[in-house]
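Keep in mind it's a predicted model, so treat the numbers as computed, not measured. Letters A, B, ... mirror the listed sequences (proteins, then strands); counts begin at 1.
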Amino acid sequence: MFTESVIERLADGVWITIQLAVMAGAVGTAAAIVSGLAGLSSSRAVRWANQVYVDFFRGSSAIIQLYWAYYALPIIDRDLTFSPLQVGVVVLGLNMGGYGSEIVRGAVQSVSRGQYEASTALSIGGYQRMRYIIFPQAVLSMLPPYGNLLIEMLKGTALVSLITLADLTRVGLDLRQAGDLSSASAFTALLVIYFFLAISITFIVRRAERFARRSMGLEA
Amino acid sequence: MAQQQLEHVADLVQTGTTQGETIVRFERVRKAFGDLVVLDDLDFEVKAGEKLVIIGPSGSGKTTILRVLMTLERPDAGGVWVDGDYLFRVEKRGRLQRASERHVARVRTKIGMVFQHFNLFPHMSAHDNVAFAPNKVLGIPKGEAKDRAKALLESVGLGDKLDEKPSRLSGGQKQRVAIARALAMEPKVMLFDEVTSALDPELVGEVLNVLRELAHNTSMTMLLVTHEMGFAREIGDRVVMFDGGRVVEEAPPEELFSNPREERTKQFLHAVLDRT
Amino acid sequence: MAQQQLEHVADLVQTGTTQGETIVRFERVRKAFGDLVVLDDLDFEVKAGEKLVIIGPSGSGKTTILRVLMTLERPDAGGVWVDGDYLFRVEKRGRLQRASERHVARVRTKIGMVFQHFNLFPHMSAHDNVAFAPNKVLGIPKGEAKDRAKALLESVGLGDKLDEKPSRLSGGQKQRVAIARALAMEPKVMLFDEVTSALDPELVGEVLNVLRELAHNTSMTMLLVTHEMGFAREIGDRVVMFDGGRVVEEAPPEELFSNPREERTKQFLHAVLDRT
Amino acid sequence: MWEWQVVWDSLPALWKGLQVTLQATFWGILLAMSLGLIFAIIRRVSPGVVRLPLIGVLEFIRSTPLLVQLFFLFYVLPNYGITLSGFETGVVALGVHFSTYTAEVYRAGIESVPRGQWEASTALSISPVQKWTRIVLPQAIPSVIPALGNYLVAMLKEAPLLSAVTVVDVLGEAQRICSRDFNCLEPYTMAGVLFLAISIPASFLARRLETRFGPTTA
Amino acid sequence: GDDDDDDGGGGGSTLEKAQEDGVITIGFANEAPYGFADSSGEATGEAPTVAKAILAELGINEVVSVVVPFGNLIPGLEAGRFDIIAAGMFINPGRCEQILFSDPDYCVPQAFGVEAGNPMGIMTFDDIAANPDIKVGIPTGGVEDQYARDAGATDDQITNFDTLQDAGDALAAGRVDAIAATSLAIQAELERLGDDGLEATPGFDVVIDGKPASGCGGFGFRKSDDDLHKAFNDKLIALKDSDGIRPLVEEFGFDDEVDAAKGRTAEELCTE
Ligand SMILES: Nc1ncnc2c1ncn2[C@@H]1O[C@H](COP(=O)(O)OP(=O)(O)OP(=O)(O)O)[C@@H](O)[C@H]1O
Ligand SMILES: Nc1ncnc2c1ncn2[C@@H]1O[C@H](COP(=O)(O)OP(=O)(O)OP(=O)(O)O)[C@@H](O)[C@H]1O
Ligand SMILES: [Mg+2]
Ligand SMILES: [Mg+2]
């Protein structure tokens, strides 16, 4: 059953999953911010291009994207052979960005008009206004849905097991195929570990939320 | 808050205009929201150093004038002239043309505004609220901007609240921070839009004290929209009565309050003074 | 709305109790929300057919009395007795015990309530609002329930609004539908909680007309919480003045309004009558 | 490299697969919508001893990967005498997984029904069943239709995972073609395109629902 | 700048690069006893073991291994996901159109895993085709898929699984009536399942166009890597000729199967 070597391999899988989640989370966060702000752009072309991005990733299936990027893309051009980790990070990240876009846009729009006007009155414009005034305030209302989004992304990392990345799910499948773990213990272990990772995300996001509230002076 | 501290404000505020010259001019300014005409071919002028009080019934366009000056609204027609420049236009070969955002931004720095609902930045301490724009916008080194912000906050009686976030300040304290914040940008013209009307009655005094200090001891041009008639009388050089997007009557306060010429003004003053 | 139509209401309302017997009794009823004691060992009685008006300052517990009777709140201690049964308890071998939900449900059918904010079902037409419960709860065949609902709505002057959804009715019309809806269940006791205070002033009259009609021409027991003192005087058999969860004073309206005994009552009446 | 002939040859199979995907989604939707409603109602009416474990289980299902849940149902349940086909497994997994989302949506809808509606129902002695079916839910459900719509589109997007438990859906057909004929570019691309052709109109429809039924409360 | 080497565009052939770096990537399908991951995740089994031995002779001492569902081995090779298929893949004309094969290093008959007592009497693929009620589980992309369809079995009868183990679990769960694979693989899978209710049918050679078709497996290479293919194959032939393979793979249950591959070439299997 759960011998030392089995636990070691599961730990390796968890580590890959965490790396993947952290990197995809970073790509996804960046994509969400860029796309969310692009959705608010005054340029029609930028808004339109952004809408195409959002609709594409919200409309298509992550698993099909992964298969396509892993098996089909290199056939188009050998130079487009990315490692499974790269494929996973980019596909999961861009998918997350497609959903995060709406969160960012909504949160930015929820900052009161008065904040924009006060900034204008102080000649704080453009980038500075977004960077120092509006965005920091929007973060607070972004955090709860962002936490849920991170969990969705974490769940999505399981898909990379289907493109040969030795993530947690792959390790579980391999252990089961090698007969080291029964189906029942392999899959139960996976579910429990993923649940634990998800709870950790919830915990971290809650902490961030409290920090953000405090820096807004909303909580002692 | 000691009187001594307040006098200090005047020392911190300098304006580079000659007293008595025209500094703001509205020329046939028209602004409508949909079908509602809010400024109706409005003409009026403000002289440098003047303390102008604007009164009028709700919806008469008082806020809109200030917002147009602050570039928060763009007029549909007419010209707004501030200290040597047209605001949304530039003169080229004798004709007025739409100005670039850069031009508008430059003119904007001459004007400061204090809002009814403070609009402080909730995620910054009082100190940072005041120091932020001078540092980031005017490029004053951070240390210097912080020092000046501290002096300004002390001068409005908030030396002990430097590190508080706005949510932990009372309404009166918030509004004083907002005034300090606007002053820190050293505007030539300051706009005040009913800055006491969102305050609990017992907090109004501390804000009026600061305004009074500014009015009496600085040469700053001030446009105040207010319903505090006593205060208007005390500090105003001139009072403008507004209705339907037009100037109904203007006069020095003693004259306008004691002896209004127009029927509409009488009516309005009657209603307002009765209410309080 | 013709007077003729209104008289009709009385014909549609029957109550099966003998006039003058006690129908509602509160015995040392206590109810607290957290630390706030809202009903403080309250004792009082209502006789069958009586029109009882309850007055008192805000927060004195008036609504809470009605809500306890309607089983929307459960008292912490004491007994509520309605037409032969205890409400939340049953007597077994001489001792009161907690009653089953079935028992509570049975007693509940004796009572109807009209709310300040109508609480009509927004997804049903006026007709269905009134016919729904008689059909589903009392088991009256659908056709018959609809016919009775129609008659009731006509009697409150809404014969032409049968198929309207509540969102298309005025406040006064909504409240009349709500009254018809409560009457359709043929309760012995009707509770009215400030049923006109959410209405535009010009719509109050049409609702009071219906209440007046019910009060004068039916033998239904009515408990009304209201701030309409004139109306209370006109239709009340007895007025109870409440404060701090206790009865301060009770008397026929002429007596209580013209000649209150208690200081608290005087104070309250003074404040209320001045306000209107 | 890109051969249209392969595209034409694979389209019939992919189309067949897409129908399987849509069927699984359809049954999954039915299951998720009804199960979610049941969970939301149980959460509201049951005592703490039932509610807290239920919340825990829903949280668990919602925060673990659907793929692993599919494997679990497919490979572990037979140990306990429950052997579902790949398709049945897929429908159950999709339905149960997404019922944890729809339960939240329904809950928000139920909570948005004003207290006065519950109280008026009590005042009219309306029975609990009637109260739920005739008073509360008819008001709660319209307001949550847009949020539900979004999850139903999300569900469609997850449906290709069923290929991992032998369901020959659109992705399964693409895999088959890829491994039998060694042409992978065209079938995977066309699977993606066919899928977009369904899911983009679906999400467009969901957005229409949003404008039709107003902002969502979920 | 260094990355340019990776894409094989300018920096020499796969073989040259592998010899230079001393490292190469192989793909296998987690199918005992051909290629599978041991408890520590290391690639082992017949094909990886032989491949490692030959690669060492070519001066390539480090072998990175990737587990891929069987059906994705050829697409994965072509997509450059790995450089050699070391999964004991059967050599047949269809596959030869896609990739290059080394000579075979073993030949093995087919078999089925069935319920104990073989109640449905499944001995060959024809038996399956003859009874539409029979459902057979086959790893995606396995030759058995082609065999079954050539015999006339319908899509409804065939369920494709990512791995033979998944198919084995389905057999144990009663989802399919039989699983098809090489007799060695069936043996290994039944061992893994350890279920007394299951048994293996006797091995048989599939008959195609009246001729018994041998199931002989070798190593797969991209068509563009003919130098790697040739270098590898030369060493493999030498190893076969010196009876060097058997000792390497005995521990995986191979004996006669190795001898059966003697004298057989990829060329003949590709045109069979
Ligand atoms: N952004 C806008 N869109 C539409 N209407 C507007 C907008 N801003 C102002 N208005 C309308 O323009 C009219 C004048 O507004 P303004 O705020 O200037 O009045 P005011 O004199 O400041 O009144 P108050 O004393 O109530 O502040 C009002 O009727 C207002 O409703
Ligand atoms: N569910 C509740 N939870 C906590 N406090 C409550 C609740 N319901 C009522 N209260 C409090 O109980 C007190 C009495 O309330 P009640 O509604 O009976 O007063 P009332 O006499 O009807 O006042 P009003 O004239 O304002 O309607 C109030 O202070 C109220 O805030
Ligand atoms: Mg205003
Ligand atoms: Mg009340």
Side-chain angles (χ1 to χ4, degrees), chain A residues 1-16 63 66-88 158-187, chain E residues 3-4 6-10 14 25 27-32 35-45 64-83 98 139-140 161-170 172-173 188-194 222 224:
Chain A
M1 284 292 281
F2 290 98
T3 61
E4 207 166 299
S5 75
V6 167
I7 291 174
E8 242 167 59
R9 289 193 59 199
L10 283 172
D12 290 344
V14 169
W15 176 231
I16 298 273
I63 176 68
L66 283 172
Y67 266 94
W68 193 86
Y70 189 78
Y71 290 113
L73 203 53
I75 297 175
I76 295 175
D77 186 338
R78 192 40 63 72
D79 285 350
L80 299 177
T81 308
F82 299 106
S83 75
L85 186 67
Q86 288 168 329
V87 168
L159 303 184
V160 302
S161 63
L162 302 177
I163 57 163
T164 75
L165 195 57
D167 76 323
L168 177 56
T169 301
R170 180 80 264 159
V171 168
L173 291 171
D174 286 354
L175 285 172
R176 167 174 158 270
Q177 282 162 7
D180 292 318
L181 286 180
S182 67
S183 297
S185 26
F187 293 128
Chain E
D3 293 12
D4 284 358
D6 292 351
D7 51 38
T14 308
T25 308
F28 65 102
N30 229 352
E31 188 182 351
F36 57 98
D38 67 14
S39 305
S40 64
E42 192 63 24
T44 184
V64 177
S65 53
V66 187
V67 186
V68 202
F70 193 86
N72 287 331
L73 281 169
I74 292 178
L77 178 74
E78 294 196 315
R81 295 290 162 201
F82 40 84
D83 301 311
Q98 299 295 314
T140 310
F161 292 86
D162 276 357
T163 64
L164 183 60
Q165 288 87 338
D166 289 343
D169 283 344
E189 174 57 16
L190 291 180
E191 228 163 82
R192 185 190 73 90
L193 287 168
R222 275 188 293 274
S224 53

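- Both the backbone and the side chain of A:Asp174 come within contact range of chain E, each with at least one heavy atom under 4.5 Å from a heavy atom of that chain.
- Nearest heavy atom pair, residue E:Ala43 against residue E:Ser65, reads CB-OG, 3.3 Å.
- If you tally non-hydrogen atom pairs under 4.5 Å between each of E:Glu78, E:Glu31, E:Glu189 and chain A, the highest count goes to E:Glu78.
- Checking side-chain atoms of E:Thr140 against main-chain N and O of E:Phe161 turns up a donor-acceptor pair under 3.5 Å.
- A:Tyr70 carries E:Arg81 over the face of its six-membered ring, with the cationic atom under 6.0 Å from the centre and within 45° of the normal.
- With a 4.5 angstrom heavy-atom cutoff, E:Asp169 touches chain A only via side-chain atoms.
- Interface residue E:Val66: only side-chain heavy atoms are found under 4.5 Å from chain A.
- Only the side chain of A:Tyr67 comes within less than 4.5 Å of a heavy atom in chain E; its backbone stays farther off.
- Applying the salt bridge (Lys or Arg N to Asp or Glu O under 4.0 Å) rule to pairs touching residues 65-75 of chain E yields nothing, sequence neighbours excluded.
- Using a 4.5 Å cut-off between heavy atoms, A:Ser83 contacts chain E through its backbone alone, with no side-chain atom that close.
- Contacts of E:Glu42 classified as salt bridge (Lys or Arg N to Asp or Glu O under 4.0 Å), with partners at least two apart in sequence or in another chain: E:Lys52.
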